[in-house]
Q: 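Supplied in structure tokens, the structure appears directly below.
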Amino acid sequence: MTSRSGAPVVVAVDGSTSALEAVRVAAREAGTRGRPLRVVHAFIWPLYDVSLAPAPGAPPHAGLRQQAEQVVAEAVTEAGKVTPDVAVTGAVVDGAATPVLLAEARDAALLVLGSRGLGGFGGLLMGSVAVQVSAHADCPVLVVKGEARADGPVLVGVDGSPRSDQALGFAFDEASLRGTELLAVHAWIMPVPPSDLLPVAYDVEALAAEEERVLAEALAGWCERYPDVPVRRRVTYGGPAKVLVEESAAAQLTVVGARGRGALAGMLLGSVSHAVLHHAHSPVVVVRRRREGRQS
């Protein structure tokens with residue numbers, strides 16, 4: 001699912017504590033995948049009419065660009081401590097955070113972001129950058145938040161849609177790489193009849209059986225492709241976002257598709273993915289279908 005030949009894991013840095021934690025996670029992800037790691041800092045100041053050189057009398061390293069280069073250098077060093085065998089490079093890229101990250105995602109196997117930051121990545125999780133990048137990135141986006149843990153399952157939300165199938169493929173791949181089980185969750189709610197109709201008496205048992213079938217069919221092909229991955233299934237009545245957030249407390253990774261089915265399926269980042277991205281207790285990966293013509 002993430003097999004772009006030679007593509008790196010890319011991590012965004014800004015000098016914050018959160019970004020350094022993202023670097024550690026990204027280094028481990030690169031090591032697990034046998035891929036190089038690219039550390040990127042979005043350098044927004046050239047877009048404004050400000051001097052990038054040190055102020056008169058200031059030390060040579062006090063200029064804005066020199067500070068940005070130092071942020072990248074420190075992150076590269078930190079990555080090397082985590083995974084000494086992984087090739088690590090760093091770059092200061094001129095531009096605002098969102099366009100820089102979307103450009104990097106075009107040639108990345110995975111894009112890793114911290115949940116909070118400074119400067120160009122400030123307010124990343126709760127602001128627009130993470131949502132925009134997750135909705136538009138041409139590779140899976142991992143947002144580092146909650147507790148980074150080595151135990152627990154890879155959690156994935158399943159709704160039977162094509163986007164959900166993309167997320168399932170990534171989740172199976174991750175569970176196989178991590179040597180852990182996959183927890184596939186399908187949450188459903190009662191259909192809402194049109195307002196001009198009288199209340200409808202639903203056959204709850206029949207509806208539940210249908211939802212069990214949706215999950216079983218979604219998993220069937222992937223279970224055959226990944227016989228090494230133990231799969232635990234959960235079909236439950238309730239809001240998908242609420243269920244996934246609750247289950248994420250015991251997961252080492254939560255995987256969602258960028259969009260799903262239902263009334264909000266046309267949103268670039270669906271309501272469930274948006275809620276999980278904000279409230280999950282584990283790192284979250286948002287998987288979006290690649291553009292036509294690109295490797296998957």
Side-chain angles (χ1 to χ4, degrees), residues 115 125-126 130-131 134-135 141-143 145-147 149 151-172 174-175 180-195 197-220 222-223 229-288:
S115 62
L125 183 60
M126 301 308 294
V131 174
S134 299
V141 177
L142 191 163
V143 178
K145 62 189 302 290
E147 180 184 359
R149 51 191 299 169
D151 62 337
V154 171
L155 169 67
V156 61
V158 182
D159 66 8
S161 69
R163 302 287 176 175
S164 170
D165 194 56
Q166 291 279 313
L168 258 177
F170 183 91
F172 266 96
E174 282 296 304
T180 191
E181 73 170 348
L182 179 80
L183 172 57
V185 172
H186 177 62
W188 63 284
I189 56 177
M190 204 72 72
V192 178
S195 58
L197 296 180
L198 294 174
V200 177
Y202 290 109
D203 184 337
V204 177
E205 289 188 3
L207 287 172
E210 173 62 17
E211 301 303 332
E212 293 276 2
R213 183 192 65 78
V214 169
L215 180 58
E217 289 187 355
L219 289 171
W222 293 112
C223 288
V229 175
V231 178
R232 182 157 47 100
R233 309 178 185 193
R234 183 185 175 195
V235 176
T236 184
Y237 183 81
K242 181 176 183 295
V243 172
L244 287 170
V245 168
E246 290 173 351
E247 291 285 357
S248 71
Q252 60 177 286
L253 185 70
T254 300
V255 181
V256 293
R259 289 185 289 180
R261 63 181 182 180
L264 300 179
M267 296 176 61
L268 283 173
L269 190 63
S271 59
V272 173
S273 304
H274 192 279
V276 172
L277 185 64
H278 280 69
H279 301 295
H281 305 289
S282 71
V284 176
V285 175
V286 178
V287 181
R288 175 178 173 272

Q: Hey, could you give me the CZ/CZ distance between Arg288 and Phe170, rounded to the nearest 0.5 Å?
A: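 One finds 15.0 Å between CZ of Arg288 and CZ of Phe170.
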Q: Work out which heavy atom in Ala187 is nearest to a heavy atom in Gly238; give both atom names and the distance.
A: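 Looking at all heavy atoms of both residues, the closest pair is CB-O, 3.5 Å.
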Q: Taking all non-hydrogen atoms of both residues, which atom of Ala184 and which atom of Leu219 are closest, and how far apart?
A: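 Taking Ala184 first and Leu219 second, the nearest heavy atoms are CB-CD2, 3.9 Å.
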Q: Of all heavy-atom pairs between Thr180 and Pro153, which one has the smallest distance, and what is that distance?
A: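 Residues Thr180 and Pro153, closest heavy atoms: OG1-CA, 3.9 Å.
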Q: How long is the gap from NE2 on His274 to NE2 on His279, to the nearest 0.5 Å?
A: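 With rounding to 0.5 Å, NE2 (His274) is 8.5 Å from NE2 (His279).
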Q: Rounded to the nearest 0.5 Å, what separation is found between the CD atom of Glu247 and the OG1 atom of Thr236?
A: 8.5 Å
Q: For a 4.5 angstrom cut-off between non-hydrogen side-chain atoms, does Arg234 reach Val243?
A: yes
Q: Could you pull out the closest heavy-atom pair between Val158 and Ser164, with the gap in Å?
A: CA-OG, 3.3 Å
Q: To the nearest 0.5 angstrom, please state how far the CZ atom of Arg233 sits from the CG atom of Leu183.
A: 12.0 Å
Q: Identify the heavy atoms of Leu253 and Ser282 that sit nearest to each other, and give their distance.
A: C-OG, 3.9 Å
Q: Given Ser134, which of Val285, Val256, Leu277, Leu142 fulfils the side-chain contact (heavy atoms from CB on, under 4.5 Å) condition?
A: Leu277
Q: Please answer whether the main-chain N or O of Val284 pairs with a side-chain N or O of Lys145 as donor and acceptor at a distance below 3.5 Å.
A: no
Q: Quick check: does any side chain N or O of Glu181 sit under 3.5 Å from a backbone N or O of Pro230, one acting as donor and the other as acceptor?
A: no
Q: Give the ring-plane orientation class for Phe172 versus Trp222, where under 30° counts as parallel, over 60° as perpendicular and anything between as tilted.
A: parallel
Q: Could you grab the distance from atom CG of Leu244 to atom NE2 of His281, nearest 0.5 Å is fine?
A: 11.5 Å
Q: Which pair of non-hydrogen atoms, one from His186 and one from Asp159, has the smallest distance, and what is that distance?
A: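 Minimum heavy-atom separation between His186 and Asp159: ND1-CA, 3.9 Å.
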Q: Rounded to the nearest 0.5 Å, what separates atom CG in Leu207 from atom CD1 in Ile189?
A: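 Reported value, rounded in 0.5 Å steps: 12.0 Å.
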